Amino acid sequence: MKCIESLLLSVKEYGRPSIFVCLLLSITIFSCNFFVKNGGLGVSLNIEDSKTRKVFINEYKVDDNPYRINDSLSINIKSAWLEYQWRYAGENSEKAEIIENNYQMIIITDKQSLKGYNFTWFIGSKYTDNAFYEGYDNNIIISLDSFPKRNIIEWKVQSLNELNRISEPKIILGKLSVERLSK
């Protein structure tokens, strides 16, 4: 608390240069993993991050990009990969602790491709279970409790409205298929 008081006092005394220091300090604190609790589930930011954390398994691709689900719905897939599901660990939560026999598929896309996602449509077999959820910065993630044995993984793309948020969705809009790239 004394640190904050002295920081505020220096802002009053010295004006703008101290404001710059405060701003820089705030950006540093919030951009690092200071607020990520050890034990919290993690998702890699990209393939390189996944490899750095040693959780990367395989990269996936689609045949055509943007991937056309049907005549009115398509998704631009910038990258897709499978990684071990993991938790933050280590002194500053910089390490990844792998969760045995659990995996996650991450698909990086763009804002336009996710328009209406989880409101009018979703990818998966059930809305409440076994479906992709929105992550951070235009990505979608699905947890898998077993390793995908096939090179091609498919999911239903389904219509979503207030009625089928509770019951089983009935309108299939298309499918999403991703193919494993060989290592």
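Sequential numbering from 1 along the given sequence is applied to the chain's residues. Because only heavy atoms are used, hydrogens play no part in the values below, and waters and symmetry mates are left out as well, while side chains stay in. The structure presented is a predicted model; accordingly, all values stated were derived computationally and were not measured.
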statement: So CD1 of Ile140 and CD1 of Ile75: to nearest 0.5 Å the spacing works out to 4.5 Å

Note, Val178 side chain near Val62 side chain (heavy atom, < 4.5 Å): yes

Check residues 95-107 and write down every donor-acceptor pair under 3.5 Å in which the side-chain atom is one partner and the other belongs to a residue at least two apart or another chain.
residue: Gln104; atom: NE2; partner: Gly42; partner atom: O; Å: 3.0
residue: Gln104; atom: NE2; partner: Glu83; partner atom: OE2; Å: 2.7

If you look only at distance, which donor and acceptor atoms sit under 3.5 Å apart when one is on a side chain in residues 146-154 and the other is two or more places apart or in another chain?
residue: Asn151; atom: OD1; partner: Arg180; partner atom: NH1; Å: 3.2
residue: Glu154; atom: OE2; partner: Lys175; partner atom: NZ; Å: 3.1
residue: Glu154; atom: OE2; partner: Ser177; partner atom: OG; Å: 3.2

Partner set under salt bridge (Lys or Arg N to Asp or Glu O under 4.0 Å) for Asp110, not counting sequence neighbours: none

query: Does any N or O in the side chain of Trp121 come within less than 3.5 Å of the main-chain N or O of Lys115, such that one atom is a donor and the other an acceptor?
result: yes

message: Check whether Ser113 reaches the backbone of Asn76 with its side chain - one donor and one acceptor, N or O, closer than 3.5 Å.
response: yes

- request: Quick one: list whatever passes side chain to side chain contact (heavy atoms under 4.5 Å, CB included) with Lys54, sequence neighbours left out.
  value: none

query: Closest approach of Ser79 and Ile47, non-hydrogen atoms and distance?
result: CB-CD1, 4.2 Å

- request: For Asp71, enumerate each residue passing the side chain to side chain donor-acceptor pair (under 3.5 Å) test, keeping only those at least two apart in sequence or located in another chain.
  value: Arg68

statement: Nearest heavy-atom approach of Phe122 to Asn118 is CB-OD1, 4.0 Å

query: For the atom pair CG (Leu181) and CG (Leu82), what is the distance rounded to the nearest 0.5 Å?
result: 12.0 Å

field: side chain to side chain donor-acceptor pair (under 3.5 Å) against Gln85, all qualifying residues, sequence neighbours excluded
entry: Ser143

field: Residues that Glu179 engages under salt bridge (Lys or Arg N to Asp or Glu O under 4.0 Å), provided they are two or more places apart
entry: Lys61

- prompt: Is there a donor-acceptor pair closer than 3.5 Å between any side-chain N or O of Asn138 and the backbone N or O of Ile108?
  reply: no

- prompt: Which residues satisfy the ring-ring contact (aromatic ring centres under 6.0 Å, His included) test with Phe132, sequence neighbours excluded?
  reply: Trp155

- prompt: Is there a side-chain contact between Tyr117 and Leu160 (heavy atoms, below 4.5 Å)?
  reply: no

message: For Asp49 versus Ser44, what's the shortest heavy-atom pair and its separation?
response: OD2-CA, 3.2 Å

query: Can you list the residues that meet the side chain to side chain donor-acceptor pair (under 3.5 Å) rule with Asn70, with sequence neighbours excluded?
result: Ser72

